[in-house]
Protein chains: 2
Amino acid sequence: MIKRDLGGDHHDAIFRPSPADAGDCHQGGREPWLLVALPEIPSGKIYGESAKSDAEAAFAALQGEAFALPDHPENARIGAEISPWGPALAISYPAAPVDDLVAASLAASSAWAEAAIETRVGICLEILARLNRQSFLMAHATMHTTGQAFAMAFQAGGPHAQDRALEAVALAYAEMTRFAPRADWIKPQGKAAPLEIEKHWTILPRGISLAIGCNTFPTWNSYSGIFASLATGNTVIVKPHPAAILPLALTVRVAREVLAEAGLPADVILLAADRADAPLAKDLVTRPEVALIDYTGSNAFGDWVRANAGRAAVFTEEAGINTVTLAATEDFNAVCANLAFSLALYSGQMCTAPQNIYIPAEGIETDQGHKSFDEVAAGIRAAIEALLADPAQASGICGTIANPATLQRVAEARGLGKIIRDSAPLASGRSATPLLLAVNEDDRATYEQERFGPIAFLIRMRDADTAITKAADLARSKGAITAALYDTDEARISRAIRAFAGAGVNLSINLTGNIFVNQSAAFSDFHVTGANPAGNASLTDTAFVANRFHRVMWRRPISDRTAASGAN
Amino acid sequence: MIKRDLGGDHHDAIFRPSPADAGDCHQGGREPWLLVALPEIPSGKIYGESAKSDAEAAFAALQGEAFALPDHPENARIGAEISPWGPALAISYPAAPVDDLVAASLAASSAWAEAAIETRVGICLEILARLNRQSFLMAHATMHTTGQAFAMAFQAGGPHAQDRALEAVALAYAEMTRFAPRADWIKPQGKAAPLEIEKHWTILPRGISLAIGCNTFPTWNSYSGIFASLATGNTVIVKPHPAAILPLALTVRVAREVLAEAGLPADVILLAADRADAPLAKDLVTRPEVALIDYTGSNAFGDWVRANAGRAAVFTEEAGINTVTLAATEDFNAVCANLAFSLALYSGQMCTAPQNIYIPAEGIETDQGHKSFDEVAAGIRAAIEALLADPAQASGICGTIANPATLQRVAEARGLGKIIRDSAPLASGRSATPLLLAVNEDDRATYEQERFGPIAFLIRMRDADTAITKAADLARSKGAITAALYDTDEARISRAIRAFAGAGVNLSINLTGNIFVNQSAAFSDFHVTGANPAGNASLTDTAFVANRFHRVMWRRPISDRTAASGAN
């Protein structure tokens, strides 16, 4: 049994045996936010005894078939997903020209905008409840599009993504109801009757919200934006990555069912399936009707989106280079084991996975005495070997490689430094274990760029303070979503806290045991700070929801309306 | 005595005799916001018996001199302000290259970012308190750069602008302290010791904030952005309109004094004075260090800013066309008087001033019986004549024309329709009273564009419902900050509420007496919705402040830190 959670960066409770035994979060005061709602354990006791077999049957039934999205705009069928675990899915999805999608979205917009806040929020919650019940099916869909192992696919594709969505809905609700919907303004006028004006505010959505999904975490990375936009009254067009359509197609189907049952237009949410050789993203981004864009992907396309989005508000998660600085430790084995897991998990294809491990050239002090650079490298290597010794466990941790280009990148990276540990395929799927390379501080061109996938550099640095400074500088210039530090010197830890905060990157200090730098939690982690090039938005802070709608007022003398009522 | 407030769109209390007698605002629930804090009456009883004469002396002393900004970057002196009331101010301001300004701003950034939230907010409040005490001087500075009459210059340039700033500071404080600064995350681990992680969040400002001011309301339109950015820890570069530098130079001076007294770098706020023939705005907008931009001005330059701002967040107030729809009234004289004042106030140079007055071709029902289109037009004309009959009162309402191009626009507009009332200069300053033109519904090219200044169209519409629809459509396509409706048909009023809300424009219904469509209030009006082309941001909602900073976390096992403390 793997004594670790495999959900990656997407949860706030590890191996929670039952909801009653769930982790608790003690807030330091002020607003207590909704905590874990959706169980992350793929257990029949929670999801129903037949959930697992039902989902297997449902997933098998989807393959080779036309995916049904009743009443969805459609003038063609597309779909060419191939599981990184092997089989082609051979599922076809409805496709429609951008003009048709925009027209359908606009046609649905008034009814959705005019629905009560509570109606929209209730529908979002119902969608999430139904998605939660489909978590086993979503696990298969996620596994066979992202290449994640089943446990991660269940958690990250299912309950953790749903938690993110719930977080967005809760914050959107709080924000929409933050100010009074009516205020009376009363002004004395000396001897004359006072001026009395009633003011009323309506929540006005921005327009069409476009969600551009990614290959590796199609639901987790998209749900926050989709649900924040839905709750605030925007219609949504979901454009999945062409290699990972199914998880979002299932999501859109559930949402459309709930909308239709509530008597609202199903086209409030639409699927913009496209092909890698005929992408729709640019056409959608530049449409003036698109007023919100949630984008996960490369910095280069992120820059293009920003420059071409016109008046649309743009929320991005882009690429970065995450670092670990090893300065000292009182538990060397635990550090190596913790890092080994972080490096191996989903073969480094997480936005939170570390790439650069900075180690002082003279080595570090540990509970096992001084360890040289080479001894530290050997320790990490050995921990990875131990972690991946059992083939089934190795596959369960590493999963597969989502994109063949990543394998090519691993192959090319072998020449970039001294190989400490070579990457190798596992028995199952298109897979690759971590490649560890030792390089020198001067090799900046090698390690100061993102090399997405199971590629990590052990970097021989002048000293620990230099490592902290360089790691923070890199986060500032190239972006980073996570940083980690292992140290025992409290003064240096304080300097590091200041340095990484200044670079806008979340820092994890001395993590060992069952908590990993690649893990972040809904409800308290403000995943991605928005403060460096790795993304301009946080999941999910106030800015993520507050800019998805506006307030519009009407005002009128109270006496005037009273008179009118009296006259009626 | 002028029985009206002259502060225009910038206040929420009219002729408040004393703070104790101030208007009250009854919120319908939830967060009660800070209400009026700064008295708007230019009275010696409030501001000190010598405040008026002191300010006159201080203003006289500024003229013809080099404006002192101690320790401000400076390699040249510029300044060519000419009062629309007559005299050239002949004040020179320190000027510096953009490189120097950005470098100075960056050098000041760490100290400001690391100051406690309460320190920054306290400094903002002290700046505002001192600005408030200088309100008489600010009135002169505003009057002689914008051309406003004294009473409006006092209110809009002084306490109303300060109210806006206070609103932004209060909301920024609420947002920065909305979430807990620390949370402990505790996760049971079966028989093993629970995982216990402490999480801490720091407020991280975005960077340099650029405020691009306008000619007509240099402080009122800029203070919200300047103070929201300051409170959230950003350094600010203030780029005034070259014709209205003095009010913002005074502001920057006061702010730098308070900062220096608090032991913080004065360069937290800088003045980027420029010349009309050598503007700095584009150079500043495109600097990567500029992370926030508050802009007031034309849509064309607003589009340029959006396309060239890179990763900077952009908040704009741009141009629009405000409408009034006359459908019916039970107090014809009061409607005409109310509209007359709205049209004459500061000669239509307010972002909230109406331009298009839609009137059914068949006329309207009133308390005086049916009034034909021509009778309605005559009524409005007569009300303007009555309002402006006394030369001193006329000058006190109309003020002068800020920009000579506006006079040219008035001259050219005379040929655009049938002249109902001609524009004419007043005795004082470069002035122009309202030009009223009658046009037909078909003359869309004439009236469906902004004609900034004292130009209004009386438009002969098919019927009232058509007028409402067209007015809302125009707000949606060209932008609008205000809309007004006079009607007695409750069903049509309901349709209008829906139509204008859908167009994202605030609607005033049946305003008569001492409340005007061009007036908006700090603390409850969310001035500019952000929901149509007249601006992408509201003063001041959550979105206006929440995106000016990020949250950055560090987390660490509690046991780890406890152990470290024990070891110390």
Side-chain angles (χ1 to χ4, degrees), chain A residues 12-14 21 23-31 175 178-189 195 197 199 202 204 306-307 311 490 497 501 504 506-510 513-515 524-526 529-531 536 538 541-543 546-547 550-557 560 564 568, chain B residues 12-14 21 23-31 175 178-189 195 197 199 202 204 306-307 311 490 497 501 504 506-510 513-515 524-526 529-531 536 538 541-543 546-547 550-557 560 564 568:
Chain A
D12 56 5
I14 297 171
D21 192 17
D24 196 8
C25 177
H26 300 281
Q27 294 273 352
R30 309 202 175 90
E31 296 189 38
E175 195 51 45
R178 189 172 185 187
F179 299 102
R182 171 176 172 166
D184 293 348
W185 181 88
I186 297 169
K187 169 66 197 152
Q189 295 281 289
L195 277 173
I197 307 286
K199 300 177 178 182
T202 305
L204 182 69
R306 263 183 291 278
R311 289 182 160 265
E490 291 299 317
I497 287 173
N506 292 333
L507 174 67
S508 294
I509 301 164
N510 291 342
N514 283 328
I515 174 86
S524 75
D525 263 6
F526 302 111
T529 61
N536 78 355
S538 178
D541 63 7
T542 309
N547 208 19
H550 300 289
R551 283 190 165 75
V552 187
M553 179 181 65
W554 63 271
R555 60 180 181 174
R556 183 175 184 181
D560 181 63
N568 283 347
Chain B
D12 55 5
I14 296 172
D21 193 17
D24 197 8
C25 177
H26 300 281
Q27 293 273 351
R30 308 203 175 88
E31 297 190 36
E175 195 52 45
R178 189 172 185 187
F179 299 102
R182 171 176 173 166
D184 292 347
W185 182 88
I186 297 169
K187 169 67 196 150
Q189 295 282 289
L195 276 173
I197 307 285
K199 299 177 177 182
T202 305
L204 182 69
R306 265 183 291 278
R311 289 181 160 265
E490 292 299 317
I497 287 173
N506 291 332
L507 174 66
S508 294
I509 301 164
N510 292 342
N514 284 326
I515 174 87
S524 73
D525 263 5
F526 302 111
T529 61
N536 77 356
S538 178
D541 63 5
T542 309
N547 207 18
H550 300 290
R551 282 191 166 74
V552 186
M553 179 181 65
W554 62 270
R555 60 180 180 173
R556 182 176 183 180
D560 182 61
N568 283 347

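Sequence lines set the chain letters: A, B, ... in the order given, protein chains first and strands last, and positions in each chain run from 1. Remember, predicted model here, so these are calculated numbers, not experimental data.
Every salt bridge (Lys or Arg N to Asp or Glu O under 4.0 Å) that B/D525 has, sequence neighbours left out, goes to A/K199, A/R555. B/I497 pairs by the side-chain contact (heavy atoms from CB on, under 4.5 Å) definition with A/W554, B/I493, B/L507, B/I509, not counting sequence neighbours.
In this structure the side chain of A/R306 reaches within 4.5 angstrom of the side chain of A/N536, judged on heavy atoms.
Top candidate by heavy-atom pairs under 4.5 Å with chain A, chosen from B/I197, B/N510, B/T202, is B/N510. If you tally non-hydrogen atom pairs under 4.5 Å between each of B/N547, B/N506, B/D541 and chain A, the highest count goes to B/N506. Most heavy-atom pairs under 4.5 Å with chain B, from the set A/G504, A/A307, A/S508: that is A/S508.
The nearest pair of heavy atoms linking B/E175 to B/R551 is O-NH2, 3.0 Å.
Interface remark: A/S538 contributes no atoms to any contact with chain B (heavy atom separation under 4.5 Å).
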